[in-house]
S.K.: 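First, the structure itself, so that you have it in front of you.
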Amino acid sequence: MNKKKENFTFYSNDFKDFTKNLHDICNWNQLDNVAIEYHDLQETIYIHYKELFHIKSMISDYLKHIQNVEFIGINFDIPEYCVISLILGILNSKHSFINIPVDSTEFINIKNHLNLRYLFCTQNNIEGNIVCQFEIHRECIYLIKLKDVRKQVIQNAKQNYYAYAISTSGSTGVPKVIRVLHSCIVPNILDLNKILAITKCDKISQFTNFTFDPSIIEIFLALSNAGTLFMVSKSLKNNPDRLLKIAYSSQITILQITPSVFIYNWSPESLKSSILSNNTSLRAILFGGEPFPKLEVISETMHPYNNTKIYNIYGITEVSCWASINEILITGGQFNVHYLGQVLSHTLLQVRNKRGEVITNGTGFLYIGSNQRVCLVNDENIEDLELPVFRDSGDIVDINEEGKIFYKGRKNSFIKRFGNKVDLTKLKEFILQIDFIKNCYVLWDDSYHHLHLYFSIKKNVVNYHNINIKIMKYLCKLNPLYRPDKIHFMNHIEFTSSGKISLEHSKEHYIQDKVTHKIINNIDLQQIEVAFKSIWENNLQRKNIGFIKLGGTSIIALQISNAMSEISNIEFPKLIGMLLMDSTIDECLNYIKSIILNSQNGIINLKSHSNIRELPLITVITIEDEKSFRDSNKKNKKYDSTIQVNDIHLCQWYKCRGQIYNYISDINEEFKLQYDTISKVKIQKTYDMRKCVDASPTIFRYSDGKTYATVGSHSGFIFTFELEKECHKRIFKVKLPDRIESSVLILDNFRGIVGCYDGNIYCFHLKTGKFIWNYKTGNVVKNSVIFCKEKGIIFVGSYDCYIYCLSVKDGSEIWKFKFGNGSINASGCLHFQSDTVLFGTLDGYCLALQQLSGKLVWKYKLSDPIFVAPVSLNNGLVLFCSVTGLLCCFDIEVNVKMWTYKINGNIFSYIVKQNDTKYENIILASQNKNLYCLESKDTNFKTKPTLKYVLNFHSPILATPWCENNFLFIACKDGTLNIYNSIKNRVIKIEKLPAEVFSSPVVNNNVIIIGCRDNNVYALELV
């Protein structure tokens, strides 16, 4: 077949037999030949062409009297061997057929799209009237006229009337009903007749479900050559070993099958001794519907002297059925199984880039089209289509300079993970390189943002625990972005009706496993130990020395704690603290086991021979290295601080991470929502910041009366935009050299200050982007800068364990202070009554330092790290909270601990004061999915507070809630934004963002600003 290159479109241009329909290409010259050989568990039925011709003519003669009907249905309950006669009878009467799936929802969709009025079935309980009864191959078949069908409008397809309709599985998008013209499917039959050299002596298997369009290929490859169609019952398909034996003994010659059914239904040994033996009758196998499997797996199923040809065939239902074919040479050196191969007749292939432009070299999206092979999708009209018609395959491909096209993966194989684009196909290809892996599948669970790896192994490999360990060690070679959260051993395979692996079933099975796992009372300590050691070894060395000495970080500590909680469904509140205190693996294990023992009251079920089938992997986010655009060797570098502005803009107030900082009085009305009820939340505007937005936004008001929002991201960009009703017209951008996780401090005259992962504190102009000064610390800066306006000084902590006081004017160092060896993760807090600044450290110290001198005036040691900022209450008392949920209240002026309150969960969300009520309340959100509201009995928190209410959510809370009036805005980790009305005591609205959220929402009037891990910052409108 000739292949030409014209206008960068690859196609075959053979117009022979274009006008024929499916019925016309059937060969009726060998009436004594067996047309259908049907096998059931109990019997074999042979139907000759003579009988087939008689039955299809009988059906056709009746159907010719039915006018103004295009499609006639064939119900799923009809015996397989009767379906062929019905198809032929419908086609010969100039009507079109549709095989009805079992799913009733799909049937309703088909019925509505096709205005289906008639249906063949074996049951008389279908809603409709029996118009005729047929005896077809000794089976009683009814023709039913369906009820409740609207009047049908016939489209004029002229000579190219429809052959059939089919419903897609949704693999290329949402499910669709496809109407297929004869001119679309007939060229496929004729091509494969020639390529496979089909004759009347061939016996072609028909294993494909009738609702999957490759079944049409199987049927008419046989009928167009007077060959035999080898059919089997559903019960025999469910007995794959017996099916294989019957197929071998019956001497089938052509097999079309999905790779998954082939490699999972039959063992290599059984295939090698039957249909792929050295004396097999099988001439060719067509693998289609899924990516071609691992070449070694196919090779292992074939006898060394087997001569069966192997083909990879590719296509989409929207251009039914196949678009290209490639013969795979099992022996003979290097061969790329991803090559799409020879383009089939009347088929056009185009590779387009993101802008829709056709490309001739590189990576792009594959489109399949034709001038003749045209199908209609859903309610399309053929008169409205402009030729050639192209359909998006949903696949990503490579095209080289020679015009050869290679399959890379599905569009949905590219996901956003930790703010980076991840190609799941790379993970799959990487795993397939492992010698004992038979096949694998990668699933991205968007609801939980978990990456799952499902794998199956070759026979004779039974030590699943060792396999998991080997896989995890192997994965350590990958970029951490590609390391899965969960590994699943596939010991049971479910297929879709099309014979493809059902990943949705795998996902449901995983979710069911999680639910079941949560109700298990007895936990296997041996499994827990194996899991913990595997997680530790995957990220650190297997040495019994401290976590910090091995290179552990707070990120890894958090992820290890999360993983162990997921495995056991038990919280380990002190584990993070132990890790950051440099505990060893044995010390951590002893603690974990003690918690489990206590939770089970001593009931332990040790299973010495059990294996871990599912081990979480800890993914460490790598930080991109960017060259600093400033001279980082200098301790403190200043820039031109001259800013050309026409007016002096004074900052009146700013809001950030649960707090309001105001510099003018009598602005209470400014902070009130404009209404008492909220009916819905809608997206007003999004801003793509190129990488994750974990930083919390800052909303601020200047003296010119305008309100702005500013936020940074992992890309180093800081976006500032005006909050106007006209969709935030003005956007100002500043680029820093590394990741930003802290919020921007707002000063007068559009100056902002923020800490950066490169260790610098930057002062810059929010609009012009001009840098005013920077100060270099010794490590990453994650916390936000706090400002004492009266003294003109700022305070910030660094991961180098120092607290810094700098001049806001030029960034010069006033003092720096270090106490202990704990890094500073959280922001500080001004304490006006004592003229001090408060900070908590990751080694558990609570500190109060004199603002001007940096002298230590008070300290207290908690047993666990502090990840959240302290809070100064209205009466001068201060609150510190450890990561384990211990909330402590101090009077630092007299050095007295007033009280403690314990939350049973890890705390990463900042403490929030709720001042909108008569009394001061405390809001505290936890990773345990609960939000707690505490109130004081004596109204001033001098005594231990009581729990006013607790809200339970479906996902952990890491962001700080926003309190305003009687509303609470709570962003959960999975991206849901919950709005709680404390007066009505109910959640009134839940909005779902497309990715995880660590950024805290900030609310002003009717607008919520929040960052998301899909790289966007969202402006959400309350209506």
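Worth knowing before you read on, the calculation uses all heavy atoms, side chains too, and leaves out hydrogens, waters and symmetry mates.
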S.K.: Looking only at side-chain N and O atoms, does Asn825 offer a donor or acceptor that is under 3.5 Å from a partner on Tyr799?
M.R.: yes
S.K.: Show your working on side chain to side chain contact (heavy atoms under 4.5 Å, CB included) between Asn783 and Val796 and close with a plain yes or no.
M.R.: CA-CA 7 Å; Asn783 60 101; Val796 66; 3.4 Å; yes
S.K.: Give the intermediate values and the outcome of side chain to side chain contact (heavy atoms under 4.5 Å, CB included) for residues Tyr654 and Leu747.
M.R.: CA-CA 9 Å; Tyr654 68 92; Leu747 306 174; over 6 Å; no
S.K.: Test Val1017 against Phe721 for side chain to side chain contact (heavy atoms under 4.5 Å, CB included), laying out the working first.
M.R.: CA-CA 11 Å; Val1017 59; Phe721 44 90; 4.3 Å; yes
S.K.: May I have the step-by-step check of side chain to side chain contact (heavy atoms under 4.5 Å, CB included) for Ile907 and Leu924, ending in yes or no?
M.R.: CA-CA 8 Å; Ile907 302 293; Leu924 199 58; 4.1 Å; yes
S.K.: I'd like to know if the side chain of Thr884 reaches the main chain of Lys574, judged simply by a donor and an acceptor atom lying under 3.5 Å from each other, with no hydrogens or angles considered.
M.R.: no
S.K.: Please answer whether the main-chain N or O of Val744 pairs with a side-chain N or O of Thr698 as donor and acceptor at a distance below 3.5 Å.
M.R.: yes
S.K.: Whether the Tyr804 and Glu813 side chains hold a donor-acceptor pair (N or O, under 3.5 Å, no angle test) is what I'd like checked.
M.R.: no
S.K.: By the definition ring pair (Phe, Tyr, Trp, His ring centres under 6.0 Å), identify the one residue from Phe719, Trp653, Phe700 that meets it with Tyr708.
M.R.: Phe700
S.K.: Are Lys791 and Asp835 within salt-bridge range, i.e. N to O under 4.0 Å?
M.R.: yes
S.K.: Keeping Asn906 on the side-chain end and Val883 on the backbone end, is there a donor-acceptor pair under 3.5 Å?
M.R.: yes
S.K.: Is the distance between the ring centroids of Phe908 and Phe998 less than 6.0 Å?
M.R.: no
S.K.: Quick check against the 3.5 Å criterion: does Asp810 have a side-chain atom that pairs as donor or acceptor with the backbone of Ser812?
M.R.: yes
